[in-house]
Amino acid sequence: MQKIGVVTAGGDAPGMNAAIRSVVRTAIFHGLKVVGIERGYAGLIEGKIHPLNARSVSGIINRGGTVLKTARCEKIKTEEGVKKAADNLKINKIDGLIVIGGDGSFRGASELYNASGIPVVGVPATIDNDVAGTETTIGFDTAVNTALFTIDRIRDTATSHERVFVVEVMGRKRGFLALAVGFAEGAEFILVPELKFDIETICKKLKQGRKKGKTSEIIVMAESAGDSSLIVKEIKRQTGYDVRLTILGHALRGGAPTAQSRILANQFGAHAVELLLKGAKKRMAGVKGEKIVSVDLDYSWQQKKNIDKQLYRLAEILSS
Ligand code: F6P
């Protein structure tokens with residue numbers, strides 16, 4: 001192993017830059033050369049590859065987004081795209097590739113290994129936290145805190161105007177972000193795609209809550225839990241309350257990474273380089289308890305990570 005490549009792929013996540021910095025500096029510490037691949041797999045297919053040194057990653061540990069840029073790449077899902085990307089790895093004499101991204105990016109990485117035989121290691125970074133094999137991902141904690149910062153302010157209006165606020169957070173297919181945000185915010189209801197809910201019951205409980213003295217409510221929902229504007233309309237219709245919708249959207253993907261996201265990024269990045277040096281072929285860095293672990297890369301995107309039902313239940317109890 002003499003030269004490694006690093007790429008950020010899929011949606012950006014706060015802490016990706018810290019992970020790039022960690023990969024580059026750990027690799028240099030071990031005497032490796034490093035190249036950065038721009039614009040995710042799209043850049044790999046186009047051959048947008050350039051050398052990185054310790055100074056290339058100065059002053060980025062605290063910055064959101066990714067200095068390497070990223071893209072949603074459809075071509076990497078095709079045989080032709082994978083072949084072109086694999087050829088470019090070989091042309092550039094890249095002996096190992098570190099992919100910073102989510103489950104979709106790891107599926108692409110797996111295909112790349114199968115086509116090229118060049119070792120790949122994944123560094124999980126997504127605000128969705130929907131990667132199996134790791135308890136958390138780079139960017140998740142930042143997105144949770146960004147959401148809390150905003151909902152704390154929404155709560156002021158909710159209280160003053162005695163309103164119900166439905167706050168939609170990202171989560172393309174999964175509700176990990178909504179659950180963590182709702183739990184930490186003390187939301188009255190949390191709507192996630194993994195667990196059934198019914199608007200009629202929610203409305204009944206809203207009315208019961210008002211009878212018991214509640215004057216405003218926060219409902220946190222994952223974008224994948226349903227159509228938020230329809231849900232708002234229906235709650236309005238069934239309760240007659242003043243119900244408003246706030247969609248937090250991409251605001252949750254940006255901003256300076258929290259301490260937790262940076263620490264994880266530093267650890268995952270270094271671990272990924274060390275895995276390549278130890279001869280790993282297709283692995284992913286993960287965290288279990290307090291420990292940084294290595295897991296099968298295919299497990300990360302083939303397995304479905306379970307949502308914490310106990311946490312959900314506790315959120316229900318605490319919001320009564
Ligand atoms: O996967 C991260 C994520 O932010 C999802 O929560 C969201 O559904 C999706 O990306 C949005 O993707 P894009 O920015 O490409 O529209």
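Everything numeric in this text was worked out from a predicted model, so none of it was measured. Values reported hereafter were calculated over all heavy atoms of this structure, with side chains retained and with hydrogens, waters and symmetry mates removed. Counting starts at 1 for both ligands and their atoms, in listed order.
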Participant: Mind checking what makes side-chain hydrogen bond (donor to acceptor under 3.5 Å, both in side chains) contact with K77, not counting sequence neighbours?
Facilitator: E74

Participant: So, are K83 and E80 salt-bridged, with charged N and O less than 4.0 Å apart?
Facilitator: no

Participant: Would you say the side chain of N17 lies within less than 4.5 Å of the side chain of I20, judging by non-hydrogen atoms?
Facilitator: yes

Participant: Identify, with sequence neighbours excluded, every residue that meets side-chain hydrogen bond (donor to acceptor under 3.5 Å, both in side chains) alongside T142.
Facilitator: T258, S261

Participant: Could you tell me which residues satisfy side-chain hydrogen bond (donor to acceptor under 3.5 Å, both in side chains) with K205, sequence neighbours excluded, listed by chain and number?
Facilitator: none

Participant: Identify whether NZ of Lys or CZ of Arg in R153 sits under 6.0 Å from the centre of the six-membered ring of F149 and within 45° of that ring's axis.
Facilitator: yes

Participant: Which N or O atoms of ligand 1 sit under 3.5 Å from a protein N or O, and how far apart is each pair?
Facilitator:
unit_1   : atom_1 : unit_2 : atom_2 : d
ligand 1 : 1 (O)  : D128   : OD2    : 3.3
ligand 1 : 4 (O)  : R253   : NH1    : 2.8
ligand 1 : 6 (O)  : D128   : OD1    : 2.6
ligand 1 : 6 (O)  : D128   : OD2    : 3.2
ligand 1 : 6 (O)  : G171   : N      : 3.1
ligand 1 : 6 (O)  : E223   : OE2    : 3.4
ligand 1 : 8 (O)  : E223   : OE2    : 2.5
ligand 1 : 10 (O) : R72    : NH2    : 2.8
ligand 1 : 10 (O) : R253   : NH1    : 3.1
ligand 1 : 12 (O) : R72    : NH2    : 2.9
ligand 1 : 14 (O) : H250   : NE2    : 2.7
ligand 1 : 14 (O) : R253   : NH1    : 3.0
ligand 1 : 14 (O) : R253   : NH2    : 3.0
ligand 1 : 15 (O) : R72    : NE     : 2.8
ligand 1 : 15 (O) : R72    : NH2    : 3.4

